[in-house]
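For reference, the structure discussed in these notes is given below.
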Amino acid sequence: MAIFEGAGVAIVTPFKENGEISFDKLDELIEEQIAGHTDCIVSMGTTGESATTTEEEHLEVIRFTCERVKGRIPVIAGTGSNCTKTAVTLSEEAEGAGADGVLLVSPYYNKATQNGLKAHFTAVANAIKIPAVLYNIPSRTGVNIAPQTIVDLCRDVPNIVGVKEASGNFSAIAEIMQLSDGAVDLYSGNDDQIVPLLALGGKGVISVLSNIAPRTAHDICEKFFQGDLEGSRKLQLKALPLIKALFCEVNPIPVRAALNLMGKQVGAPRLPLTEMEPDHQELLRKEMEKFGLL
């Protein structure tokens, strides 16, 4: 059984004006996501600004999320690091907090070999009992997890169950599915590619779009699974201009701006990320209006 099927939200971590985490706002966001039919909460990923939170903050957000969700939908905790020891510690703590799974980004900057990636992910997975999903996003990490590496890990390590694929390389994604023969739970890491990835046998998406349009992301997947391919395709295409606006600056700058435009008061990003440029924010506002979000 997959950890989840459908649309999981890579949830924003809200900040107060002084830059501290706003747990009251996070509570509101979680409840709105569950009410919007989100299928899974993914806590402390890139969109949650894991790169600029302390280890203590990181774990506090994961614990809080697990407590508030109370088992209503799965919670996956982002616990990846470019230090294996740190990833092990975060993953063990997330398991102890009640997370249903962990999301492990490939080690960034130090650029491990494929054998190094295998050793890293295996060490982390062996330290916990809950399932782990790999996260392949070479545009951010500087290293690609090769299709054969993903398949080998999912076959050889019992609790490595799948991958969030954000490479955008559909030849490689198709190769994963061809090599794995069902051994890999595949999730899209790109909101503009949900339908084509589902067509290759994917289980769903880990979504930025879900932060502002949870029902849309859920329905793209749900309609596909129910056999309404035309309905799924139409929703995907309708959302493309909004998705493009959500990525006109590096994530999570635009989605945080979008939530603030909706009155959610999630605060500014932490440095080195800055507030969205005014012309981009106007573009985003217009697309949100067209989509019926404002």
Side-chain angles (χ1 to χ4, degrees), residues 6-13 29 32-33 36-39 42 45-49 51 105 135-141 144 164-173 186-200 202 204-224 229-264 266 268-269 272-294:
V9 61
I11 199 165
V12 165
T13 302
L29 295 181
E32 288 171 0
Q33 286 297 316
H37 294 244
T38 286
D39 299 291
V42 182
T46 307
T47 311
E49 297 194 44
V105 70
Y135 182 11
N136 190 32
I137 182 164
S139 63
R140 284 186 181 267
T141 64
N144 181 60
K164 175 186 176 183
E165 250 295 345
S167 67
N169 182 345
F170 265 89
S171 295
I173 293 168
L186 177 68
Y187 298 96
S188 177
N190 296 318
D191 282 309
D192 60 346
Q193 297 176 346
I194 304 170
V195 171
L197 189 134
L198 293 178
L200 288 172
V205 59
I206 296 176
S207 171
V208 175
L209 174 67
S210 284
N211 280 280
I212 61 171
R215 191 60 188 260
T216 295
H218 167 85
D219 285 354
I220 289 172
C221 298
E222 184 70 11
K223 286 180 181 296
F224 188 96
L229 305 188
E230 182 65 11
S232 177
R233 182 186 68 81
K234 284 182 176 178
L235 280 177
Q236 173 79 90
L237 295 178
K238 178 184 176 184
L240 284 183
L242 176 61
I243 293 166
K244 185 176 180 180
L246 281 173
F247 289 90
C248 67
E249 290 186 23
V250 70
N251 180 55
I253 290 174
V255 70
R256 186 175 287 277
L259 286 166
N260 285 329
L261 286 169
M262 295 170 76
K264 305 298 184 184
V266 297
L273 300 185
T274 53
E275 296 262 27
M276 198 174 191
E277 298 294 330
D279 54 339
H280 289 155
Q281 187 156 166
E282 180 61 18
L283 168 68
L284 177 61
R285 185 188 63 78
K286 287 179 179 177
E287 292 303 335
M288 290 175 71
E289 285 178 348
K290 291 178 186 174
F291 207 77
L293 297 173
L294 296 176

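The model shown is predicted, which means the values in this text are computed figures rather than measured ones.
Note that CG of D39 is 10.5 Å distant from CD of Q33, once rounded to the nearest 0.5 Å. We find the CD1-OG1 distance between I253 and T47 to be 12.0 Å, quoted to the nearest 0.5 Å. In this structure, I212 CD1 and I243 CD1 are separated by 9.0 Å, a value rounded to the nearest 0.5 Å. Note that the CE atom of M288 and the CD atom of Q281 stand 9.5 Å from one another [nearest 0.5 Å]. Atom SG of C248 sits about 6.5 Å away from atom CG of L284, to the nearest 0.5 Å. Note that CG of L283 is 10.0 Å distant from CD of E249, once rounded to the nearest 0.5 Å.
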Fill in: T13 vs E49, side-chain contact (heavy atoms from CB on, under 4.5 Å): CA-CA, chis, key distance, verdict
CA-CA 7 Å; T13 302; E49 297 194 44; 5.5 Å; no
Discussion item. Using the rule given for side-chain contact (heavy atoms from CB on, under 4.5 Å), can you reason through N251 versus R140, listing the C-alpha separation, both sets of side-chain angles and the distance that settles it, and then say yes or no?
Written reply: CA-CA 11 Å; N251 180 55; R140 284 186 181 267; 3.8 Å; yes
Item to complete: Check the pair V205, Y187 against side-chain contact (heavy atoms from CB on, under 4.5 Å), reporting the backbone distance first and the verdict last.
Response: CA-CA 5 Å; V205 59; Y187 298 96; over 6 Å; no
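Counting all heavy atoms, side chain and backbone alike, G189 lies closest to K164 at CA-CE, 3.6 Å. In terms of heavy-atom proximity, L197 sits nearest to F170 at N-CE2, 3.8 Å. Of all heavy-atom pairs between F291 and A239, the closest is CE1-CA, 3.8 Å. When all heavy atoms are compared, the tightest approach of A258 to L246 is CB-CD2, 4.2 Å. Taking both residues in full, the closest heavy atoms of N211 and A10 are given as ND2-O, 2.9 Å, listed atom of the first, atom of the second, then distance. The two residues M276 and A245 have their closest heavy-atom pair at CE-O, 4.1 Å.
One N or O on the side chain of H218 and one on the backbone of H37 form a donor-acceptor pair closer than 3.5 Å. Between the N136 side chain and the E165 main chain, no donor and acceptor come within less than 3.5 Å of each other. Looking only at distances, a side-chain donor or acceptor of N169 sits under 3.5 Å from a matching main-chain atom of A172. Of the possible polar contacts, one joining the S232 side chain to the I220 backbone as a donor-acceptor pair under 3.5 Å is found. Between the Q236 side chain and the I194 main chain, a donor and an acceptor come within less than 3.5 Å of each other. Checking side-chain atoms of R256 against main-chain N and O of V266 turns up a donor-acceptor pair under 3.5 Å. Listed for the D191 side chain is a donor-acceptor partner under 3.5 Å among the backbone atoms of V208.
A heavy-atom distance below 4.5 Å is found between the side chains of L294 and M262. The shortest side-chain heavy-atom distance between L293 and L242 falls under the 4.5 Å cut-off. Counting only heavy atoms from C-beta outward, the side chains of L273 and P252 approach each other to under 4.5 Å. In this structure, the side chains of E32 and V9 stay at 4.5 Å or more apart for every pair of heavy atoms.
For S210, the side chain to side chain donor-acceptor pair (under 3.5 Å) partners at least two apart in sequence or on another chain are S207. With sequence neighbours left out, the side chain to side chain donor-acceptor pair (under 3.5 Å) criterion links S188 to no other residue.
Under 4.0 Å is where a charged nitrogen must lie from a carboxylate oxygen, and between E289 and K286 no such pair does. Ion pairing between a basic and an acidic side chain is recognised when a charged N comes within 4.0 Å of a carboxylate O; D219 and K223 show no such pairing.
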